[in-house]
Amino acid sequence: QVQVVESGGGLVQPGGSLRLSCTASRRIISFNPTGWYRQAPGKERELVAAISSGGSTNYAESVKGRFTISRDNAKNTVYLQMNSLKPEDTAVYYCNVIYAYRDYWGQGTQVTVSS
């Protein structure tokens, strides 16, 4: 089975930055749609950013202008660069890859924005 792994989460102060990474056990990220989702306590999981197989991107309005999703095909990795972080960005961030008509999810990485 395909395993998806996120990394890069941690504790950061408001206004700070973090860079999340997502990779898979098979080379599927390089050629398939990949998205970053997040879920805060008591809230539903929401799409933060996504990149299509062709490289098109879209973002949630709440992060537009602050977050950037990108892909490095050679490394089979998708990144989420998060700048100007706010306390409301605190959540567990999950990576999702669509491959062969199935969704593959990582375990999530915790992002905490606090003073």
Side-chain angles (χ1 to χ4, degrees):
Q1 291 291 324
V2 174
Q3 287 189 317
V4 175
V5 180
E6 308 96 336
S7 63
L11 175 64
V12 64
Q13 293 186 334
S17 298
L18 284 174
R19 187 178 182 88
L20 306 183
S21 299
C22 173
T23 191
S25 59
R26 295 172 65 88
R27 183 167 284 279
I28 62 172
I29 290 177
S30 298
F31 311 104
N32 294 283
T34 305
W36 284 99
Y37 294 73
R38 68 185 181 188
Q39 187 167 25
K43 295 185 177 181
E44 295 183 350
R45 188 171 299 187
E46 65 172 344
L47 176 66
V48 177
I51 186 166
S52 72
S53 58
S56 298
T57 60
N58 64 278
Y59 301 89
E61 287 296 322
S62 60
V63 307
K64 194 171 297 182
R66 299 188 297 121
F67 291 10
T68 303
I69 187 170
S70 62
R71 175 189 286 129
D72 187 332
N73 290 340
K75 295 182 178 180
N76 190 36
T77 301
V78 165
Y79 303 97
L80 183 67
Q81 178 66 46
M82 305 185 294
N83 299 324
S84 302
L85 284 162
K86 305 174 181 179
E88 50 263 45
D89 294 319
T90 296
V92 177
Y93 284 70
Y94 299 90
C95 181
N96 174 258
V97 184
I98 300 174
Y99 172 68
Y101 304 102
R102 293 188 179 189
D103 290 343
Y104 292 89
W105 293 90
Q107 290 292 309
T109 184
Q110 177 71 48
V111 172
T112 302
V113 184
S114 176
S115 298

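What's counted below: heavy atoms across the whole structure, side chains too, no hydrogens, waters or symmetry copies.
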Should we count CD of Glu46 as having more than 12 external heavy atoms under 6.0 Å?
-> yes
Would Tyr104 end up clustered with Tyr37 when hydrophobic side chains under 4.5 Å apart are linked, directly or stepwise?
-> no
State whether the side chain of Asn32 and the backbone N or O of Ile28 hold a donor-acceptor pair below 3.5 Å, judged by distance alone.
-> yes
Of all heavy-atom pairs between Val4 and Cys22, which one has the smallest distance, and what is that distance?
-> CG1-SG, 3.5 Å
side-chain contact (heavy atoms from CB on, under 4.5 Å) between Arg66 and Asp89, worked out | CA-CA 11 Å; Arg66 299 188 297 121; Asp89 294 319; 2.8 Å; yes
Heavy-atom closest pair, residues Met82 and Leu85 | CB-CD2, 3.8 Å
Of all the heavy-atom pairs spanning Gln110 and Val92, show the shortest one and how long it is.
-> OE1-CG2, 3.2 Å
Taking every non-hydrogen atom, the tightest pair across Gln107 and Glu6 = N-OE1, 3.1 Å
Check the pair Tyr94 / Asn96 against side-chain contact (heavy atoms from CB on, under 4.5 Å), numbers first and verdict last.
-> CA-CA 7 Å; Tyr94 299 90; Asn96 174 258; over 6 Å; no
Got a sec: does the OH of Tyr99 have more than 12 other heavy atoms crowding it under 6.0 Å?
-> no
Which heavy atom of Ala24 sits nearest a heavy atom of Val2, and at what distance?
-> CB-CG1, 4.3 Å
Working for side-chain contact (heavy atoms from CB on, under 4.5 Å), residues Thr77 and Ile29 = CA-CA 6 Å; Thr77 301; Ile29 290 177; 5.8 Å; no
Going hydrophobic residue to hydrophobic residue with side-chain gaps under 4.5 angstrom, can you get from Ile98 over to Tyr79?
-> no
Interatomic distance, Asn73 atom CG to Phe31 atom CZ [nearest 0.5 angstrom] = 6.0 Å
For Glu88, does the CD atom have more than 12 heavy-atom neighbours from other residues, nucleotides or ligands under 6.0 Å away?
-> yes
Using the side-chain hydrogen bond (donor to acceptor under 3.5 Å, both in side chains) rule, collect all pairs that involve residues 16-29, keeping only residues at least two apart or in two chains.
-> Ser17-Asn83, Arg19-Gln81, Arg27-Ser30
Heavy-atom closest pair, residues Leu20 and Val111 | CD2-CG2, 4.1 Å
Apply side-chain contact (heavy atoms from CB on, under 4.5 Å) to the pair Val97 and Val78, showing each step before the final yes or no.
-> CA-CA 10 Å; Val97 184; Val78 165; over 6 Å; no
Residues two or more places apart in sequence or in another chain: which of them pass salt bridge (charged side-chain N to carboxylate O under 4.0 Å, His left out) with Arg71?
-> none
